[in-house]
S.K.: 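Here it is, the structure in full.
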Amino acid sequence: MFEFLSAWYRRYLSDPQASLLLVLLAVAFVLVYFLGSMLAPLLAAIIIAYLLEGAVSRLERHKVSRLLSVNLVFLLFVVFMVFMLVVLLPLLSQQASELIQELPGMINKGQALLMRLPKEHPEIISEEAVREVILAFRGGISQMGQGLVTFSLASIPAIIAAVVYLVLVPLMIFFLLKDKAMILLWLRRFLPANRHLMAHLWEEMDAQIGNYIRGKVYEIIIVGVTAYVVFQLAFDLNYAPLLALTVGLSVLIPYIGAAVVTIPVALVGYLQFGWGGEWAWLIVAYLILQFLDGNILVPILFSDVVNLHPIAIIVAILVFGGLWGFWGVFFAIPLATLVKALIHVWPTTGEPITEQSIADSVKSKG
């Protein structure tokens with residue numbers, strides 16, 4: 001066992017740059033894991049500045065000065081945030097409030113539908129099973145209501161913190177964009193002169209993660225807007241803005257999100273239209289939207305980026321989502337891409353570790 005570990009160390013960690021990179025990654029993980037909530041405004045500012053840097057760079061390539069490019073992009077960002085806070089957020093809040101008020105009626109309709117199933121299909125489901133489902137559902141609704149009350153009482157500090165972040169984060173974004181060169185020069189002082197491994201890793205990750213995150217933002221906007229047009233204009237569906245936002249955000253979780261968000265769309269459609277042609281056309285339109293997203297939009301937006309197996313994506317969602325919640329899910333694929341890039345660029349020395357190589361090592365020492 002000792003010989004195997006020794007051979008593994010010589011192959012993968014004997015390079016000083018590999019050891020240094022491992023230490024830096026470990027420090028970064030510990031900081032994010034234990035100080036993530038404290039550093040959340042800074043991390044958010046870094047991520048948003050990284051996203052906006054693409055637009056700034058494009059303007060610079062068209063002979064616009066760095067300062068003017070930063071001011072223009074930051075102004076557009078502020079206008080977008082004001083629109084989100086002043087127009088979109090109140091609308092979604094109103095929709096959510098109306099939906100909560102109508103929940104009792106929806107529950108009664110759903111209960112009536114369930115109670116009809118034993119009469120229409122006694123060979124499939126019994127009245128006892130339906131009663132158990134209804135009791136379990138009522139218990140879940142009761143816990144959710146208690147959770148909402150608790151959240152509303154405990155959310156006052158969170159609201160104050162959000163207001164502070166609304167001021168701090170934009171300021172940090174502006175200075176991160178404006179003083180990018182100076183900040184990077186300062187950070188380089190703490191890195192060794194010979195850092196080609198980290199440079200190689202950063203080049204690969206910059207191309208992959210930057211394009212992925214920007215592409216995912218575009219996908220959320222395109223899918224959300226298209227869903228709103230379909231729900232509102234084609235079907236005049238209740239809670240169309242809220243459902244469209246849900247559909248747009250569902251693309252953050254590949255495979256799983258599209259399946260989960262189908263439930264509220266189908267439920268709201270049924271409660272509004274009942275079983276019939278209009279409900280069926282709504283489901284068909286929603287499935288077509290999901291098909292176009294997965295088979296046309298995604299290949300166009302991500303043709304040159306992340307190439308991960310579906311199992312790797314699902315495992316990344318489970319692992320990083322369990323570690324960091326929503327943000328872990330959002331960055332699951334970029335983080336999985338980081339792991340893949342690390343494996344790709346990690347330096348190795350010597351022959352592959354095999355039983356024969358270990359035996360030869362033991363003989364040479366003997």
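In this chain, numbering begins with 1 at the start of the sequence shown.
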S.K.: Of all the heavy-atom pairs spanning Lys216 and Val251, show the shortest one and how long it is.
M.R.: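 Closest approach of Lys216 to Val251: NZ-O, 3.0 Å.
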S.K.: Roughly how far, to the nearest 0.5 Å, is CD1 of Ile222 from CG of Leu297?
M.R.: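 These two atoms lie 5.0 Å from each other.
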S.K.: Restricting to side chain to side chain donor-acceptor pair (under 3.5 Å), what partner residues turn up for Ser93, sequence neighbours left out?
M.R.: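 For Ser93, no residue satisfies side chain to side chain donor-acceptor pair (under 3.5 Å) once neighbours in sequence are set aside.
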S.K.: Can you pull out every ring-ring contact (aromatic ring centres under 6.0 Å, His included) where at least one residue sits in residues 214-249? Sequence neighbours excluded, please.
M.R.: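 Listed by first then second residue: nothing to list.
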S.K.: Give every residue pair that meets the ring-ring contact (aromatic ring centres under 6.0 Å, His included) criterion with at least one member in residues 52-110, sequence neighbours excluded.
M.R.: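 Residue pairs with at least one partner in residues 52-110: Phe74-Phe174.
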S.K.: What is the distance from atom CD1 of Ile47 to atom CG of Leu42, rounded to the nearest 0.5 Å?
M.R.: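 The CD1 atom of Ile47 sits 9.5 Å away from the CG atom of Leu42.
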S.K.: Between Ile220 and Gly248, which heavy-atom pair has the shortest distance, and what is it?
M.R.: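 Taking every non-hydrogen atom into account, CG1-O, 3.6 Å.
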S.K.: Testing the basics here: between Val261 and Val247, what is the closest heavy-atom pair and its distance to 0.1 Å?
M.R.: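 So the minimum-distance heavy-atom pair works out to CG2-N, 3.9 Å.
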S.K.: Quick check on the hydrophobic clustering: are Val169 and Leu76 connected, directly or via other members, by side-chain heavy-atom contacts under 4.5 Å?
M.R.: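 Hydrophobic grouping puts Val169 apart from Leu76.
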S.K.: Got Pro41 and Met172 here, is their nearest side-chain heavy-atom distance under 4.5 Å?
M.R.: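 Pro41 reaches Met172 side chain to side chain.
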S.K.: Considering all heavy atoms of both residues, which atom of Ala285 and which atom of Val230 are nearest to each other, and what is their separation?
M.R.: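 Nearest heavy atoms, Ala285 then Val230: CB-CG1, 3.9 Å.
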S.K.: To the nearest 0.5 Å, what is the distance between CD (Glu53) and OH (Tyr50)?
M.R.: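 That separation rounds to 9.5 Å.
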S.K.: Find out if a path of hydrophobic residues (ILVMFWY) with successive side-chain heavy-atom gaps under 4.5 Å connects Val27 to Leu43.
M.R.: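 As far as the 4.5 Å side-chain criterion goes, Leu43 and Val27 are connected within one cluster.
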S.K.: Working to the nearest 0.5 angstrom, can you tell me the gap between Ile283 CD1 and Glu278 CD?
M.R.: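 It is 12.0 Å, given to the nearest 0.5 Å.
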S.K.: Evaluate the criterion side chain to side chain contact (heavy atoms under 4.5 Å, CB included) for residue pair Leu85 and Leu166; output intermediate values, then yes/no.
M.R.: CA-CA 10 Å; Leu85 293 172; Leu166 285 174; 4.1 Å; yes
S.K.: For the CG atom of Leu176 and the CE atom of Met182, what is their distance to the nearest 0.5 Å?
M.R.: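 One gets 10.0 Å once the value is rounded to the nearest 0.5 Å.
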S.K.: Where do Gln272 and Asp236 come nearest, in terms of heavy atoms and distance?
M.R.: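 Between these two residues, the closest heavy atoms are NE2-O, 3.0 Å.
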S.K.: Going by the rule side chain to side chain contact (heavy atoms under 4.5 Å, CB included), which residues pair with Leu318 if we only count those two or more places apart in sequence or in a different chain?
M.R.: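 For Leu318, the residues satisfying side chain to side chain contact (heavy atoms under 4.5 Å, CB included) (neighbours in sequence not counted) are Ile314.
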S.K.: For Glu60, enumerate each residue passing the side chain to side chain donor-acceptor pair (under 3.5 Å) test, keeping only those at least two apart in sequence or located in another chain.
M.R.: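 Applying side chain to side chain donor-acceptor pair (under 3.5 Å) to Glu60 gives Arg66.
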S.K.: Would you kindly confirm whether Leu91 and Val225 end up in one hydrophobic cluster when ILVMFWY residues are joined by side chain heavy atoms under 4.5 Å apart?
M.R.: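 Shared cluster, no.
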S.K.: Do Ser250 and Val260 have side chains that get closer than 4.5 Å, going by heavy atoms?
M.R.: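 Result no, sub-4.5 Å side-chain heavy-atom pair not found.
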S.K.: Would you say Trp186 and Ile46 are hydrophobically clustered, going by side-chain heavy atoms of ILVMFWY under 4.5 Å?
M.R.: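 Yes, Trp186 connects to Ile46 through the hydrophobic network.
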S.K.: Restricting to non-hydrogen atoms, name the atom on Leu243 and the atom on Asn238 that form the minimum distance, rounded to 0.1 Å.
M.R.: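 Result for this residue pair: CD1-O, 3.7 Å.
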S.K.: Does Leu245 belong to the same Ile/Leu/Val/Met/Phe/Trp/Tyr cluster as Val82, with side-chain heavy atoms less than 4.5 Å apart forming each link?
M.R.: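 Linked within one cluster.
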S.K.: List the atom pairs, donor and acceptor, that lie under 3.5 Å between side-chain atoms in residues 287-294 and the rest of the protein, sequence neighbours left out.
M.R.:
{"residue": "Gln290", "atom": "NE2", "partner": "Tyr286", "partner atom": "OH", "Å": "3.0"}

S.K.: Is the shortest side-chain heavy-atom distance between Met84 and Leu89 below 4.5 Å?
M.R.: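 No. Closest side-chain heavy atoms not under 4.5 Å.
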S.K.: Heavy atoms, side chains only, cut-off 4.5 Å: are Phe273 and Leu237 in contact?
M.R.: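 With C-beta onward as the side chain, the pair touches.
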